[in-house]
Number of protein chains: 4
Amino acid sequence: MTTEIRLDSELELENPLFIEGLAGIGHIGRNCVSFLADNLEAEKVGELHSHHFPPYTIIQDDKTVKALQNDIYSAEINGRDVVLLEGNAQASSPQGHYEIADKVLDFTDEIDADEIITIGGYGKGEVVEQPEVFGAVTSEEIKNEYSDAGVQFDHDVGQIVGISGLLLGLGESRGKSGIALLGETPGFLMSDPKSTEAVLEVLEKALDIELDYSSLDEKVEESQEVLKKLQNLKGSKDKDESSQSSDLGYIG
Amino acid sequence: MTTEIRLDSELELENPLFIEGLAGIGHIGRNCVSFLADNLEAEKVGELHSHHFPPYTIIQDDKTVKALQNDIYSAEINGRDVVLLEGNAQASSPQGHYEIADKVLDFTDEIDADEIITIGGYGKGEVVEQPEVFGAVTSEEIKNEYSDAGVQFDHDVGQIVGISGLLLGLGESRGKSGIALLGETPGFLMSDPKSTEAVLEVLEKALDIELDYSSLDEKVEESQEVLKKLQNLKGSKDKDESSQSSDLGYIG
Amino acid sequence: MTTEIRLDSELELENPLFIEGLAGIGHIGRNCVSFLADNLEAEKVGELHSHHFPPYTIIQDDKTVKALQNDIYSAEINGRDVVLLEGNAQASSPQGHYEIADKVLDFTDEIDADEIITIGGYGKGEVVEQPEVFGAVTSEEIKNEYSDAGVQFDHDVGQIVGISGLLLGLGESRGKSGIALLGETPGFLMSDPKSTEAVLEVLEKALDIELDYSSLDEKVEESQEVLKKLQNLKGSKDKDESSQSSDLGYIG
Amino acid sequence: MTTEIRLDSELELENPLFIEGLAGIGHIGRNCVSFLADNLEAEKVGELHSHHFPPYTIIQDDKTVKALQNDIYSAEINGRDVVLLEGNAQASSPQGHYEIADKVLDFTDEIDADEIITIGGYGKGEVVEQPEVFGAVTSEEIKNEYSDAGVQFDHDVGQIVGISGLLLGLGESRGKSGIALLGETPGFLMSDPKSTEAVLEVLEKALDIELDYSSLDEKVEESQEVLKKLQNLKGSKDKDESSQSSDLGYIG
């Protein structure tokens, strides 16, 4: 077993909503879900570890090390259970992407989560003045609900790379329904607070919550620090150039 | 298990002919078999999923997501059972190509299919005026039959990359017989209707069927849409540059 | 199981000598062993198949397909059993190289072969007038025996990539003894008959056999045809550029 | 099983300290631990072999071959057991890095080693006059102890690539504590004796030992020979260009 979800204790949830946001273009997914976890005062309930993550270990500001991992949080929104998956790494190989997505879907099966929101970025390749939030859904009827929350379905995004797409694409045949929210971003920004906020505003309406954005800048700055570290090519021992360039590709 | 064939129900077939056409150069294999499935009013009977496919999820025109997969169809030609394998993805690694080919061959064993036609493109690297259909066979006596149907065996094609070759090469030692039909194509066209039609004309003669080409343009256009999406490098979250470039390699 | 040796029947051999020559620089290993098999009128006794080979299928001159594979031959030299491993493919990944080498060593264990000769090329990067045959051994005492047969041990070759090295390096801890014979070659020739002949002359002396070189040119030409096909980048369906370029790397 | 630790006999140790130093930037880790093993007159007690190492076999100066491997040594420092892991190879893929780190951590569990020191280099990308030794720890309280020994914690190193980071990052959740010592080095030197000595001086103080540096130059020269061989691109049979370039990346 090369990918593993470790829970601190058994989760007793009812029809929870599952929200995923991991490292990716503009770091939008991760920043949104990390911000959500903070605002909802979510409780950390588990971790996902995988041999398919890039073979790095992060040195944090206090000079303690931290393995790449995804964290699982539990919270409540208006009386409904919510489970969040957040983290600084995705798989570093095609097979790894599928294996991790399958493990996460197994986990959603176990906790009876049939509704999934995945969050990522859509790299436009040019400056974005007013970032839109593009949507892709498991079935057409979901579009109405999210159109009202500000999601744009009139777009040309043709594919989703990585876990945000696989959870929905593979999840559909397991009976999951859901949406991918893709914040429009230039694609060359390490972290995009404007686009992150655009996605959060959609979530605010869709989930009927109120978010306190005052801590967003701080959150974004924090994750920018991590990104800087991951992209600092000189600061590494045993540098494997080929894996590094490809790994940075998907994080960039 | 990282590659899996899921059947809707058990198939009861007699000595079926197996025809494969997946994403590849000029998209000829997939377009031919997709067109065949339509024209034969084939019934979808199963799917092939694999962790070895590229880690993308397609966003369709109606903004619903669709995992990469291969579809299995059943039809009848002049009283003979025919099983079709069609789809928008091949493996993204050497080992994946072999694993998927072996799974498909296991499936042909299960349904007692000993005759295989695989369809692909031969990228010439230059403009092709009148596309030929080149053949490669499991044994020499098959050549005669297909020469009459217009297949050209006087060619310099030295190898077949991917499933169209492996099904025959590995299948031979399992007692399979068959032919690979390779439509001549420039290699830089996303989709090549002329070459696709050339292969279909061969199949018409070889299988003694009549095809209605009026829907071909439409079919080709459809698949061209999918291709455009897969090649639109900007429209992706979590872009893994290295996997992307290599994946597009084989799809191009 | 992704690598498999299939024997036509159980081999009953006594202390056989095992000789390996697969596709590689200048195609020297394969050409030598293929030539040896012919000259010794060796009997084909089995095959090695692997999911780690490049995902190609060769189209032979008669337009029949052939999967990449390694062939196992049995012969006799001066009353001693000899087993030959010859073929047109090596693994396409580091892990594959180790897996195949381990399978071959398992096989040598089964047939009680404790002595191994591996044959490859040493790419010099420049024109080679009089190709030397460089040697690397499992233990120093083997050098004397082969020095007399013309092997040069005064060289700077620092490493052996692929199966010719792994069989000896990994074999040593299994109690195998042996030598790698590396024919000096420019490295940019698809096939190098001069270097091939130099290695064969060493084998002639070391094994006390007499070889008829009249068929060498023919043999070399044949394998050159296969190489041309493998390197003809245009003649392929479903071209996976990344795997292709890396695969050709080791074959070149 | 693709990674294996083979012990010569069962180890009976009490609360041993585990020190890792493998091939990497400036070869600092390996040179330090190899030097330590010599100075402590450590006994070789086992080996680590892996299918994830690069597929090379080294030809040593006496022209005998040697598979890439890591060696395990046992020694005593001031009455405390010490286990050393030293060697000329790390994994050649992300998954391999994790698999090997997990195997090594399993081994530390078996021998009850809860304290780990890993040694590597930090490639600065420019000339380094007085190399510092940067530290990263599993918990903050460890910093004090090592600050006294000369380790610099005021640095910008953001990540550790490969086993030196993974042993600590993954080890932390197994209850291990420890430090990574990263010798500052230009990054373009094959081997860096100045930086190696700086790390050794830290170890001298931290472990309260006295080292005889007279043999260091010799040791460094020796490992430089091995490096030269690994980097001599021409001296190889069956050259797999893609794997070679990526493998050399991490060794450089």
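Everything numeric in this text was worked out from a predicted model, so none of it was measured. Letters go in sequence order (proteins before strands), and every chain restarts at 1. Both backbone and side-chain heavy atoms feed into the values below; hydrogens, waters and symmetry mates do not.
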Among B:G171, B:A180, B:A136, single out the residue with the greatest number of heavy-atom pairs under 4.5 Å to chain C.
B:A136
If you count heavy-atom pairs under 4.5 Å with chain C, which of B:D154, B:T138, B:V137 comes out on top?
B:V137
Show your reasoning for whether side chain to side chain contact (heavy atoms under 4.5 Å, CB included) applies to B:I163 and B:T118.
CA-CA 8 Å; B:I163 193 165; B:T118 68; over 6 Å; no
Walk me through whether B:F134 and B:I160 qualify under side chain to side chain contact (heavy atoms under 4.5 Å, CB included).
CA-CA 11 Å; B:F134 300 127; B:I160 308 170; over 6 Å; no
Contact class of B:S173 relative to chain C, heavy atoms under 4.5 angstrom
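Just the side chain, heavy atoms under 4.5 Å.
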Give, as side chain, backbone, both or neither, the part of B:E172 having an atom under 4.5 angstrom from any heavy atom of chain C.
side chain
Decide yes or no on salt bridge (Lys or Arg N to Asp or Glu O under 4.0 Å) for B:R174 and B:D106, but give the supporting numbers first.
CA-CA 10 Å; B:R174 295 191 186 212; B:D106 288 349; 2.8 Å; yes
Are any of the side-chain nitrogens in C:K194 or C:E197 under 4.0 Å away from the carboxylate oxygens of its partner?
no
